[in-house]
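All heavy atoms count here, side chains included; hydrogens, waters and symmetry mates do not. Along the sequence shown, residues are numbered consecutively beginning with 1.
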Amino acid sequence: MVLSDRSIRQALQSGHIVIKPLGENAVQPASVDVRLDRKILVFRNDRVPFIDLRANTERLTEMVTTGDDDPFILHPGQFVLGSTLEHVEVPADLVGRLEGKSSLGRVGLLIHSTAGYVDPGWKGHLTLELSNVSALPITLYYRMKIGQISFLQLTTPAEHLYGSAELGSKYQGQTDPTPSRVSQDFVERKPKRKP
């Protein structure tokens, strides 16, 4: 079941769902618009010869900060990481789905490759996987509407929330675009002992 605008407004007012700062006219019939923040993580292919998933990937990227009216130019075929201006918190009984805006998709801007799923318990700014699949550069502006998040009701509240110790969540609480932490999946984790 997808939450309607009425249910979303009620959840926002009660604090069951948190989206701050909420943009003007952000609540749509079954989603909430989110905007682009000013920091963009750009990939630098001059630092490493290839992407080794077992190695820390932070050397692959460099943070760029845009001004209020200075656009970031996303070139054809370019892939960067951005983040939502909004801090989002999803409760235990809901899951969020992040999708692009239709108007942006129609000019070739994709906002995620695979990371459109927002788990129960999530708290933080959402990292956006921005790709330009058009033949022309696209301007990205701070505070522009970049996507929309909808909420689906779970059959029961999740037992282990994103960010819980049992899951080893890698991105809880992020505020800026965050590079991949896939290398942590290759670190041997010792089972936790029960008290």
Side-chain angles (χ1 to χ4, degrees), residues 1-41 66 71-72 74 79-134 138-164 167 169-178 180:
M1 175 176 67
V2 178
L3 269 58
S4 68
D5 53 358
R6 184 178 304 166
S7 297
I8 291 170
R9 281 192 197 93
Q10 290 171 351
L12 289 169
Q13 287 172 355
S14 70
H16 192 59
I17 295 172
V18 175
I19 301 177
K20 291 184 178 178
L22 187 65
E24 189 176 337
N25 301 317
V27 179
Q28 299 299 314
S31 66
V32 179
D33 287 338
V34 291
R35 297 163 292 171
L36 182 64
D37 208 346
R38 62 174 78 245
K39 292 184 179 178
I40 306 285
L41 207 51
T66 62
F72 178 86
L74 188 65
F79 175 81
V80 299
L81 300 176
S83 69
T84 59
L85 177 64
E86 294 81 8
H87 170 90
V88 176
E89 296 182 17
V90 180
D93 62 336
L94 298 176
V95 65
R97 290 291 306 172
L98 179 67
E99 297 295 342
K101 299 290 289 175
S102 172
S103 296
L104 299 178
R106 293 172 196 220
V107 296
L109 178 63
L110 307 180
I111 71 158
H112 70 79
S113 302
T114 61
Y117 198 72
V118 188
D119 278 310
W122 168 264
K123 294 179 182 179
H125 295 246
L126 301 169
T127 290
L128 305 166
E129 303 160 339
L130 301 166
S131 298
N132 179 354
V133 297
S134 77
I138 299 172
T139 54
L140 302 177
Y141 291 94
Y142 170 58
R143 301 182 64 88
M144 68 180 276
K145 290 182 181 180
I146 194 76
Q148 54 196 346
I149 185 168
S150 60
F151 298 93
L152 294 86
Q153 185 72 52
L154 298 178
T155 55
T156 62
E159 184 176 1
H160 299 292
L161 300 179
Y162 190 88
S164 64
L167 296 181
S169 307
K170 300 185 219 45
Y171 305 103
Q172 184 74 306
Q174 67 187 13
T175 56
D176 293 332
T178 305
S180 175

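- In this structure, Phe151 and Val90 have side chains that are in contact, with non-hydrogen atoms separated by less than 4.5 Å.
- When all heavy atoms of Pro177 and Thr127 are compared, the pair lying nearest together is CA-OG1, 3.8 Å.
- Nearest heavy atoms, Gly163 versus Ser169: N-OG, 2.8 Å.
- You'll find the side chain of Tyr142 reaches within 4.5 Å of the side chain of Asp37, heavy atoms only.
- Taken from OG in Ser134 to CG in Leu74, the straight-line distance is 8.0 Å, to the nearest 0.5 Å.
- Using a 4.5 Å heavy-atom cutoff, the side chains of Leu140 and Pro71 are not in contact.
- In this structure the side chain of Leu128 reaches within 4.5 angstrom of the side chain of Leu36, judged on heavy atoms.
- When side chains are defined from C-beta on, Asn132 does not count as touching Phe79, because their heavy atoms never get closer than 4.5 Å.
- Contact check for Ile149 versus Val88: side-chain heavy atoms found under the 4.5 Å cut-off.
- Side-chain contact, Ser83 with Gln174: no donor N or O sits under 3.5 Å from an acceptor N or O.
- Classified by interplanar angle (parallel below 30°, tilted 30° to 60°, perpendicular above 60°), the ring pair His87/His125 is perpendicular.
- For the atom pair Thr66 OG1 and Tyr141 OH, the distance stands at 10.5 Å (nearest 0.5 Å).
- Counting only distance, with no hydrogens or angles, the side chain of Gln172 and the backbone of Lys123 share a donor-acceptor pair below 3.5 Å.
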Can you list the steps and then say if Arg35 with Thr84 is a side-chain contact (heavy atoms from CB on, under 4.5 Å)? CA-CA 5 Å; Arg35 297 163 292 171; Thr84 59; over 6 Å; no

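- Contact check for Glu129 versus Leu81: side-chain heavy atoms found under the 4.5 Å cut-off.
- Scanning both residues, Arg106 and Ser102, for their nearest heavy atoms gives NE-OG, 2.8 Å.
- Annotation for Tyr117: atom OH does not count as buried by contact number, only 12 or fewer foreign heavy atoms lying within 6.0 Å.
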Throw together a table of side-chain donor-acceptor distances under 3.5 angstrom for residues 13-32, partners on residues two or more places apart or in other chains.
{"unit_1": "Ser14", "atom_1": "OG", "unit_2": "Gln10", "atom_2": "O", "d": "3.2"}
{"unit_1": "Ser14", "atom_1": "OG", "unit_2": "Ala11", "atom_2": "O", "d": "3.2"}
{"unit_1": "Ser14", "atom_1": "OG", "unit_2": "His16", "atom_2": "N", "d": "3.3"}
{"unit_1": "His16", "atom_1": "NE2", "unit_2": "Asp93", "atom_2": "OD1", "d": "2.8"}
{"unit_1": "His16", "atom_1": "NE2", "unit_2": "Asp93", "atom_2": "OD2", "d": "3.3"}
{"unit_1": "Gln28", "atom_1": "NE2", "unit_2": "Asn25", "atom_2": "O", "d": "3.1"}
{"unit_1": "Gln28", "atom_1": "NE2", "unit_2": "Asp33", "atom_2": "OD2", "d": "3.2"}
{"unit_1": "Ser31", "atom_1": "OG", "unit_2": "Gln148", "atom_2": "OE1", "d": "3.4"}

Between Tyr162 and Val118, is the side-chain contact (heavy atoms from CB on, under 4.5 Å) condition met? List the steps. CA-CA 9 Å; Tyr162 190 88; Val118 188; over 6 Å; no

Which is it for Leu98 and Ile111 under the side-chain contact (heavy atoms from CB on, under 4.5 Å) test, yes or no, and what are the steps along the way? CA-CA 9 Å; Leu98 179 67; Ile111 71 158; 4.0 Å; yes

Any chance you could lay out the side-chain contact (heavy atoms from CB on, under 4.5 Å) test for Ile146 and Lys101, step after step, and finish with the verdict? CA-CA 6 Å; Ile146 194 76; Lys101 299 290 289 175; over 6 Å; no

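- Here CG of Leu41 is found 8.0 Å from OG1 of Thr178. Values are rounded to the nearest 0.5 Å.
- Looking at Leu152 and Met1, their side chains never come closer than 4.5 Å, going by heavy atoms from C-beta outward.
- Within the model, atoms CG of Leu167 and CD of Glu159 stand 10.0 Å from one another, a figure rounded to the nearest 0.5 Å.
- Annotation: the span from Ser131 atom OG to Ile138 atom CD1 amounts to 10.0 Å, rounded to 0.5 Å.
- Separating the CG atom in Leu110 from the CG atom in Leu130 is a distance of 9.0 Å, to the nearest 0.5 Å.
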